[in-house]
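The block underneath contains the structure these notes are about, expressed in structure tokens.
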Amino acid sequence: MEETLRILVVDDDEVDRMAVRRALMQAGVKMELSEAGNGHEALLALTNTTFNCVFLDYRLPDQDGLTLIHRIHASEIKVPLVVLTAQGDEQIAVELMKAGATDYLSKSRVSSETLAQVLRNAMRVYRAEMQANLALQQLKESHEQLIRKNQELERQRQQIQLQNFKLIEASRLKTQFLATMSHELRTPMNAIIGFSQILLRPKFGQLTPQQTDMVERILNNGKHLLMLLNEVLDFSKLEAGRLELKSELFDLTKVVNATVTEMQSLAEAKKIALQIQINLENPWVFNDSVRVRQILINLLSNAIKFTETGSIWVEVKELPENRIAIAVRDTGIGIAPKDFQHIFEAFRQVDQSLTRKYPGTGLGLAIVDSLVRMMRGIIFIESELGVGSMFKVELPRQILSQNGAGNIPALNVDGENIFFSAHNPHQSSPQSRRSSMRYPHLKL
């Protein structure tokens with residue numbers, strides 16, 4: 001259905017108004033036509049009614065067309081304006097267009113065809129301008145919203161930065177406290193262990209069985225507590241970036257054998273078979289022997305802690321590109337895939353309750369992770385619940401001389417050097433089951 005247009009003709013000459021009306025009717029324009037004889041009547045009509053187009057005579061008795069256009073715009077009236085000019089007023093028409101008129105037409109050219117064409121063009125241009133203005137307004141509002149959001153984000157960023165500063169300071173104080181307390185507690189703990197060992201020596205007098213049992217408990221608990229303190233102290237050094245690797249040339253075979261022998265008593269207490277296989281053509285490596293031993297002790301301690309029955313295997317072998325691998329396999333409780341990403345977090349254990357079955361600080365694997373990354377190594381884990389776990393550490397045979405931990409965070413958040421697999425860790429280890437024949441003195 002054709003739209004009915006509201007059109008206003010503003011002209012003080014009745015003949016000119018009739019000419020416009022007749023031309024529009026002949027063009028077949030469906031319209032409601034209103035007329036005004038001067039600028040005042042035109043403003044009144046525009047204020048009270050919404051028009052689709054206005055045909056405006058430039059020369060009015062009370063004001064010229066330029067003044068009327070300014071007053072229409074000042075009143076924030078939006079409507080297409082077509083100025084009707086006399087012959088030779090083209091320059092004036094240009095000024096009117098600059099002031100805001102949509103189009104102009106000489107009265108001498110008024111006909112049904114020209115008037116209808118000018119009407120269509122004026123309305124099309126006006127609608128395009130309105131759409132452009134609307135888009136511009138929306139863009140402006142979006143820009144203002146973006147500015148407000150950016151300001152809010154900046155405030156949030158500053159708050160986060162302030163919180164980060166507070167967290168960093170709190171972490172520094174915590175690390176300093178842990179280091180101080182661990183250091184202060186080690187001295188009396190060493191004294192307790194030393195005096196307990198003295199009491200157990202026969203030359204200082206025979207103890208009754210009950211007394212011997214009590215002193216042995218003091219000694220064992222003292223060693224356990226000293227181990228926990230050492231873990232906390234090492235972790236505080238790692239976290240503060242104060243732990244450095246002391247590289248030296250050493251025989252890896254000797255270090256592994258000595259470490260496994262040291263852990264025999266713990267495995268023997270649980271009746272667990274501890275087996276080893278070393279396959280190295282060249283046993284010499286350039287690394288920190290104390291920290292390599294610490295890595296192996298932590299892995300073995302975990303394996304013994306979480307294994308109730310069965311065996312634990314230690315495998316050492318050479319790898320391409322001048323690297324070596326140390327693997328510890330067990331037949332323990334295994335690790336659920338959902339816990340893979342958390343087992344290397346500091347102070348984090350799968351069972352966090354106070355009544356948990358397996359005690360400890362939860363720092364062992366976090367320290368292993370930090371030391372392995374300091375050595376530019378990689379950790380591989382295979383585990384299946386109820387079957388067991390395998391932790392394999394791959395290290396370069398020779399580490400770099402600059403070994404400070406300052407540029408390596410103690411907490412490995414992204415896990416970029418750790419690879420997990422929820423598979424049976426024993427499917428690919430038949431050689432480990434033959435290891436006891438090569439080193440029978442280590443089988444318990």
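Worth knowing before you read on, the calculation uses all heavy atoms, side chains too, and leaves out hydrogens, waters and symmetry mates. Computed from a predicted structure; not experimentally measured.
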Least distance between heavy atoms, Phe391 atom then Ile335 atom: CZ-CD1, 3.8 Å
Which heavy atom of Ala27 sits nearest a heavy atom of Ser112, and at what distance? CB-O, 3.5 Å
Is there a side-chain contact between Val290 and Phe250 (heavy atoms, below 4.5 Å)? no
Set of side-chain hydrogen bond (donor to acceptor under 3.5 Å, both in side chains) partners for Glu262, sequence neighbours left out: Arg293
side-chain contact (heavy atoms from CB on, under 4.5 Å) between Ile399 and Ser247, intermediate numbers included: CA-CA 8 Å; Ile399 62 174; Ser247 304; 3.3 Å; yes
The single option from Leu33, Leu24, Leu119 that satisfies side-chain contact (heavy atoms from CB on, under 4.5 Å) with Leu5 is Leu119
Could you walk me through whether Gln151 and Arg148 pass the side-chain hydrogen bond (donor to acceptor under 3.5 Å, both in side chains) test, one step at a time? CA-CA 5 Å; Gln151 291 173 345; Arg148 289 194 295 270; over 6 Å; no
Please report the closest heavy-atom contact between Ala36 and Ala42, naming both atoms and the distance. CB-N, 3.7 Å
Salt bridge or not between Arg397 and Glu318? Use side-chain N to carboxylate O under 4.0 Å. yes
Can you check whether Ile379's main-chain N or O pairs, donor with acceptor, with Lys392's side chain at less than 3.5 Å? no
Mind running side-chain contact (heavy atoms from CB on, under 4.5 Å) on Asn38 and Asp12 for me, showing each step along the way? CA-CA 6 Å; Asn38 54 53; Asp12 61 327; over 6 Å; no
Partners of Thr49 by side-chain hydrogen bond (donor to acceptor under 3.5 Å, both in side chains), sequence neighbours excluded? none
Evaluate the side-chain contact (heavy atoms from CB on, under 4.5 Å) criterion for residues Asn298 and Ile367: first the C-alpha distance (whole Å), next the side-chain angles of each, then the deciding distance (0.1 Å), finally the verdict. CA-CA 8 Å; Asn298 285 350; Ile367 292 174; 4.0 Å; yes
Taking NZ, NE, NH1 and NH2 as the nitrogens, is one of them in Asp13 or Arg17 under 4.0 Å from a carboxylate oxygen of the other? no
Salt-bridge contact Asp16-Lys107 (side-chain N to carboxylate O under 4.0 Å): yes
Using the side-chain contact (heavy atoms from CB on, under 4.5 Å) rule, pick out the option among Ile168, Leu162, Asn164 that qualifies with Lys166. Leu162
Out of curiosity, Ile312 CD1 to Ile276 CD1, how far, rounded to the nearest 0.5 Å? 12.5 Å
Between Glu152 and Arg155, does the salt bridge (charged side-chain N to carboxylate O under 4.0 Å, His left out) criterion hold? Intermediate values first, please. CA-CA 5 Å; Glu152 179 63 25; Arg155 285 194 295 269; 2.4 Å; yes
Closest heavy-atom pair, Val372 versus Leu395, reported as atoms and distance to 0.1 Å, is CG1-CD2, 4.2 Å
Could you tell me which non-hydrogen atom of Leu245 sits nearest to which non-hydrogen atom of Met375, and how far apart they are? CD1-CG, 3.7 Å
Output yes when Arg157 and Glu154 qualify as a salt bridge under the 4.0 Å nitrogen-oxygen rule, no when they do not. yes
Of all heavy-atom pairs between His40 and Gln63, which one has the smallest distance, and what is that distance? N-NE2, 3.8 Å
Could you check whether any side-chain N or O of Ser34 sits under 3.5 Å from a backbone N or O of Arg6, counting only pairs where one atom can act as donor and the other as acceptor? no
Taking the basic N atoms (NZ, or NE/NH1/NH2) and the acidic carboxylate oxygens, is any pair closer than 4.0 Å for Lys246 and Glu244? no
Verdict with reasoning, Leu385 to Ile333, per side-chain contact (heavy atoms from CB on, under 4.5 Å): CA-CA 6 Å; Leu385 279 176; Ile333 61 176; 6.0 Å; no
For side-chain hydrogen bond (donor to acceptor under 3.5 Å, both in side chains), just list the numbers for Glu248 and Ser289, CA-CA rounded to whole Å, side-chain angles, deciding distance to a tenth of an Å, and then say yes or no. CA-CA 7 Å; Glu248 60 178 347; Ser289 61; 2.4 Å; yes
